[in-house]
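Encoded as structure tokens, the structure appears first; notes follow it.
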Amino acid sequence: MTDLLIIAWAVLTFLALRTLVALANVVSQPYLPAARNKHKEKVSLLVPARNEEHNLPNILRAISQLNYPDFEVWVCNDQSTDKTIDILQEWQQHVDWLHYFNGETLPPNWTGKNFACHQLAQKARGHYWLFLDADVALAPDALQKAVDFFKEKNLSLLSIFPQQIMQNISEKMTVPVMNWILLTLLPLRLVLQAKNPLFAAGNGQFMLFDAKNYQLNRWHQKVKNRNVEDILIVRMMKEHQEHVAVLLGNGDVFCRMYRHYAGALQGFVKNVHEFFFGSRLLMLFFGLVVVGSPLLLYFALGWKGLLVYGVLLVVNRFLVSRASHQQYWANLFYHPLQMVFLALLMIENIRLRITKKAKWKGRKITI
């Protein structure tokens, strides 16, 4: 057997293994179950907001419809230059649960979001602290379900990857890529069940902490200069033997993340390498394998190799779409464009690492 044939069969085996991981994520149903008990402990919802005039009305409307009995909302206006403060002032006149403050000037060696979250933690008074991004929306029963699951599993942190809302072509060719990577490389149930911190994932869009645990550890302060705070916090917590669970949105936690190609590229470029333990070599290897597979398999195995690849890919995309509650046919149709986006994303990640010209929300960052 030639070296090319060995590589080709290794590529097919890798795709088959990733498909099995996706199957595990479908079978394990990594979602919030219906709440068995009604809880009344106060929850602090903490929202960092920098130029979020388009998202704030949506999240505030969703929060106003929560059926949870006791919560407060704190919003950190992080040096916004749009109408963020006007929206907060307007809403505060009509609800008693909303509080906001203007964030302090960003100090050295802090990233904007981490410093905003650090300031929010100083305001919170709840038994549980839920950090939410401003582009997230919650179903009325989401908070009750999250607290019930949190208590049942005796967690220190619950993080949820929201169900993504995608309405245009740019979103459909970019946003699904991250879930496709995640759900084919990591069985989410292992985040809770396996003690090894290598089995880690997290999403800063929804992170529910036990308040006492957070006060003791100040998790955002521990990662104050890192752009990808969520997965690093999960890894640190697992190293400290804390109980952490990661789930997927299932009609309860939603997000419309990036509405345009440029926004998706700028948003994902700062963290794509963290899916591969922070290693750009592993990132490039993965990208080379998944993008170059069809050409390699055709030269090594001919049309039969491409057929096997195609069948595995169809099953793979179906399983990930099923677990993520995304449109299967859309993900299959846009798969080639998604792979182009993934390749460009990785190249841009390396370019910005070398040139040190990465920016996020008007601030220079290091990736």
Side-chain angles (χ1 to χ4, degrees), residues 18 21 24-25 28 30 46 48 109-118 120-121 128-133 146 149-150 153-162 178-249 253 267-286 346 349 353 358 360 365-367:
R18 291 175 54 229
V21 172
N25 279 317
S28 67
L46 309 173
N109 299 319
W110 278 87
T111 62
K113 182 180 179 180
N114 287 331
F115 187 56
C117 290
H118 178 69
L120 286 163
Y128 302 105
W129 295 357
L130 174 57
F131 290 91
L132 291 169
D133 280 4
F149 182 83
F150 195 99
K153 299 298 183 182
N154 191 29
L155 300 177
S156 295
L157 168 63
L158 168 64
S159 184
I160 296 179
F161 283 81
M178 293 302 123
N179 264 31
W180 181 66
I181 296 174
L182 173 72
L183 297 179
T184 60
L185 293 179
L186 176 66
L188 291 185
R189 289 295 185 184
L190 290 184
V191 177
L192 176 61
Q193 296 171 355
K195 295 182 179 180
N196 194 318
L198 290 178
F199 296 102
N203 192 319
Q205 295 175 317
F206 185 111
M207 298 187 80
L208 178 64
F209 290 88
D210 173 77
K212 291 183 178 179
N213 179 279
Y214 190 99
Q215 287 172 323
L216 181 64
N217 292 281
R218 299 290 177 182
W219 294 112
H220 284 98
Q221 187 172 8
K222 290 181 182 293
V223 294
K224 64 181 184 179
N225 62 344
R226 305 298 294 271
N227 295 305
V228 190
E229 83 289 349
D230 39 28
I231 190 171
L232 297 178
I233 288 174
V234 171
R235 286 174 185 162
M236 284 194 302
M237 293 186 77
K238 293 195 67 170
E239 289 170 356
H240 286 79
Q241 305 301 310
E242 305 286 357
H243 290 172
V244 180
V246 177
L247 303 177
L248 300 174
V253 182
F268 289 136
V269 75
K270 66 184 187 295
N271 59 18
V272 62
H273 58 289
E274 290 296 345
F275 279 84
F276 308 96
F277 312 108
S279 170
R280 286 178 172 81
L281 285 177
L282 283 178
M283 177 188 75
L284 285 177
F285 174 77
F286 178 85
M346 293 179 172
N349 177 278
R353 174 65 176 178
W360 179 242
I365 61 174
T366 301
I367 64 173

*Is Asn25 reaching over with its side chain to a backbone N or O of Leu186, donor-acceptor style, under 3.5 angstrom?*
yes
*Applying salt bridge (charged side-chain N to carboxylate O under 4.0 Å, His left out) between Glu229 and each of Lys224, Lys113, Lys270, report the one that passes.*
Lys113
_Close side-chain approach of Val234 to Leu157, heavy-atom, < 4.5 Å_ = yes
_Test side-chain contact (heavy atoms from CB on, under 4.5 Å) on Leu281 and Phe285; report intermediate values, then the result._
CA-CA 6 Å; Leu281 285 177; Phe285 174 77; over 6 Å; no
_Over 12 foreign heavy atoms within 6.0 Å of CZ, Arg18_ = yes
*Is there a side-chain contact between Trp110 and Gln221, using heavy atoms and a 4.5 Å cut-off?*
yes
*Would you mind reporting whether Phe275 and Leu185 have side-chain heavy atoms less than 4.5 Å apart?*
no
*Got Val228 and Ile231 here, is their nearest side-chain heavy-atom distance under 4.5 Å?*
yes
*Hey, is the main chain of Ile181 close enough, under 3.5 Å, to the side chain of Thr184 for a donor-acceptor pair?*
yes
*Considering residues at least two apart in sequence or located in another chain, which fulfil the side-chain hydrogen bond (donor to acceptor under 3.5 Å, both in side chains) criterion with Arg353?*
none
*Please check if the side chain of Ser159 supplies one atom and the backbone of Asn203 the other of a donor-acceptor pair under 3.5 Å.*
yes
*Donor-acceptor under 3.5 Å (His243 side chain, Asn154 main chain)*: yes
*asked:* Looking at Lys238 and Asn196, would you say the former's side chain and the latter's main chain have a donor-acceptor pair under 3.5 Å?
replied: yes
_With heavy-atom distances below 4.5 Å as the criterion, would you say the side chains of Met237 and Asn213 are in contact?_
yes
*Residue pair Ile233 / Asp230, side-chain heavy-atom distance below 4.5 Å*: no
_4.5 Å side-chain heavy-atom contact, Met178 and Val272_ = yes
*Side-chain donor-acceptor pair under 3.5 Å between Asn349 and Arg280, yes or no?*
yes
*Compute the ring centroids of Phe131 and His220, then answer whether they are less than 6.0 Å apart.*
yes
*Is the shortest distance from a Lys or Arg side-chain nitrogen in Glu274 or Arg235 to a carboxylate oxygen in the other one below 4.0 Å?*
yes
*Please say which of Phe209, Tyr214, Phe150, Phe206 ends up in a ring-ring contact (aromatic ring centres under 6.0 Å, His included) with Trp129.*
Tyr214
*Are any non-hydrogen side-chain atoms of Leu192 and Phe199 less than 4.5 angstrom apart?*
no
